[in-house]
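Below: one structure, written as structure tokens.
The structure presented is a predicted model; accordingly, all values stated were derived computationally and were not measured.
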Amino acid sequence: MSTNENTTNTKNNKGLLIGLGVLLLASIAFNVIQFINCKAEAEQAKQEYTKLSNDHEQVNQLLEDSKELTKKLEGDVAEKDEEIQSSLAQIERIKAENDSLIKSGMDKEELNRRLKANLALVRKLNKQLESKVDELLMENKKLESKNNELTENLDSLNSVASVLSEKVAIASALQVPEPSINTYKKRNSSSNPWKKTSLARRTNKIEVEFTVMENEIAEQGEKEVLLKIISPEGKTVGSLNQKGGDYDVQANGATTYAAHKTFTYSGQAQKVILEYVKAESNLGEGTYHTEIIIDGESVNKSSFELK
């Protein structure tokens, strides 16, 4: 082969190598550009997904906020309020719709638009719900204040009623002023059998005369009156029980009565006379205490002396 042919072949080989090098560089540059573009698209897709997830999460969070708001209401107020239940139901429905949209695989642009619209609606519903809850809480507070006021008024009325009841009870009680107490000696005279005396050893009868005062509001009808007499030694005189019957055997320390009577009270002033009579005149000297009891209530306490 001649020198000229060798030179020509060498030039041809260099040209081929240069062409291949250029193609290789072009291929590398293209791949780099493609890689950058794919990475950018992936990053954008990631950002879009994150944005969609954030929008969806905000809806979920607002739903929880709405539920928490209703817990501020005591009792079953929230359950009975139709507006609150309607708002909660709409937010629940939107959450379910979002869950369905995320899984649907629809176009991201359309998905993003619908999620944003739903988020805006949930925010509006949440705001309305917050206002309604505040309104109900304010009404509850007013009702509570009014209830406390009514309770105080009721307590005051009960107190007044109690005082009035006590006053009525006091006013309706029978009043008996100081009685007239006389002691008598038995005489052997049918026309004038009793003679006044103040001597204990001569006394056969103790007479207590008193007036039950007029009282229009006192209960009228049949009344039972008892006379209790306590001797200077502290023992009750007489042998009657509370019903006016005789004790068969007087037990030591038993409370006995000297006289018993029933009378009909009409509300007008009325005189009553009680008598304790004994055959033997063996009463002791000293101060005797009397007590007049009408229907179980003590109405007068007095005293008298026997010498």
Side-chain angles (χ1 to χ4, degrees), residues 168-307:
V168 168
I170 293 172
S172 63
L174 296 178
Q175 302 296 318
V176 173
E178 194 70 15
S180 172
I181 303 175
N182 295 297
T183 53
Y184 297 89
K185 175 184 180 300
K186 179 71 176 176
R187 295 178 62 183
N188 294 321
S189 171
S190 57
S191 60
N192 191 17
W194 300 104
K195 181 181 180 180
K196 283 187 177 181
T197 183
S198 59
L199 299 177
R201 60 186 176 86
R202 293 187 177 183
T203 298
N204 297 104
K205 181 172 78 168
I206 300 172
E207 181 185 88
V208 178
E209 181 179 343
F210 60 91
T211 300
V212 180
M213 301 300 292
E214 178 182 358
N215 192 327
E216 294 181 355
I217 66 173
E219 185 178 353
Q220 300 180 14
E222 189 174 86
K223 305 289 182 182
E224 284 192 68
V225 57
L226 287 166
L227 173 64
K228 182 192 288 185
I229 300 176
I230 300 175
S231 69
E233 294 80 21
K235 295 181 180 180
T236 53
V237 175
S239 60
L240 301 181
N241 58 32
Q242 287 184 331
K243 296 298 181 182
D246 284 316
Y247 276 110
D248 293 335
V249 177
Q250 182 174 339
N252 291 334
T255 299
T256 58
Y257 299 91
H260 172 275
K261 179 180 282 190
T262 60
F263 68 97
T264 301
Y265 183 64
S266 63
Q268 301 299 314
Q270 187 170 343
K271 283 190 177 182
V272 179
I273 297 176
L274 295 173
E275 296 178 341
Y276 169 66
V277 180
K278 61 179 299 181
E280 297 178 3
S281 54
N282 58 357
L283 292 174
E285 297 179 4
T287 301
Y288 287 77
H289 298 279
T290 65
E291 182 177 6
I292 300 170
I293 302 167
I294 299 179
D295 285 350
E297 297 292 334
S298 178
V299 295
N300 181 273
K301 291 182 179 181
S302 300
S303 63
F304 65 95
E305 295 280 340
L306 286 178
K307 298 177 183 178

For this session: Using only heavy-atom distances, determine whether the side chains of S231 and E233 contain a donor-acceptor pair under 3.5 Å.
Result: yes
Seminar exercise, completed: What one should report as the nearest heavy-atom pair of P177 and Q175 is CD-O, 3.9 Å
Exercise. Using 30° and 60° as the class limits, which term best fits the ring planes of W194 and Y184: parallel, tilted or perpendicular?
Worked result: perpendicular
Exercise. Where the side chain of E207 meets the backbone of E275, is there a donor-acceptor pair that is under 3.5 Å apart?
Worked result: no
Problem set entry | Interatomic distance, F304 atom CZ to T287 atom OG1 [nearest 0.5 angstrom] | 9.5 Å
For this session: Compute whether any side-chain donor of one residue and acceptor of the other, for T256 and T236, lie under 3.5 angstrom apart.
Result: yes
For this session: Nearest 0.5 Å please: distance from the NZ atom of K205 over to the OG1 atom of T183.
Result: 10.5 Å
Problem set entry | Within 6.0 angstrom of R201 CZ, more than 12 heavy atoms from elsewhere | no
Exercise. How about S303 and Y288: do any of their side-chain heavy atoms sit closer than 4.5 Å?
Worked result: no
Problem set entry | Matching residue for T290 among V237, L274, L227 - test: side-chain contact (heavy atoms from CB on, under 4.5 Å) | L227
Exercise. Backbone N or O of K185 within a donor-acceptor pair of the N204 side chain at under 3.5 Å?
Worked result: no
Problem set entry | Heavy-atom pair of closest approach, residues K261 and I273 | NZ-O, 2.5 Å
Exercise. Can you pull the ring pair (Phe, Tyr, Trp, His ring centres under 6.0 Å) pairs that have at least one residue in residues 261-281, sequence neighbours excluded?
Worked result: none
Atom pairs and distances, donor-acceptor, side-chain atoms in residues 291-300, under 3.5 Å, two or more places apart:
| from | atom 1 | to | atom 2 | distance (Å) |
| --- | --- | --- | --- | --- |
| E291 | OE2 | S298 | OG | 2.8 |
| D295 | OD1 | E224 | N | 3.0 |
| N300 | OD1 | S302 | OG | 2.8 |
| N300 | ND2 | V176 | O | 3.3 |

Exercise. Rounded to the nearest 0.5 Å, how far does CD of Q270 lie from OG1 of T211?
Worked result: 9.5 Å
Exercise. With distance as the sole test, does K186 use its side chain to make a donor-acceptor pair with the main-chain N or O of A279 at under 3.5 Å?
Worked result: no
Exercise. Excluding sequence neighbours, so at least two apart, what forms salt bridge (charged side-chain N to carboxylate O under 4.0 Å, His left out) with E285?
Worked result: none
Exercise. Between NZ of K307 and OG of S198, what distance do you get to the nearest 0.5 Å?
Worked result: 4.5 Å
Exercise. In Å, rounded to the nearest 0.5 Å, how long is the span from CD of E305 to CD1 of I181?
Worked result: 11.0 Å
Exercise. How far does CD of Q242 sit from NE2 of H260, to the nearest 0.5 angstrom?
Worked result: 9.5 Å
Exercise. Can you find a heavy atom in the side chain of V272 that is under 4.5 Å from one in the side chain of K223?
Worked result: no
Seminar exercise, completed: Between L306 and A200 the two heavy atoms that sit nearest each other are CB-CB, 3.8 Å
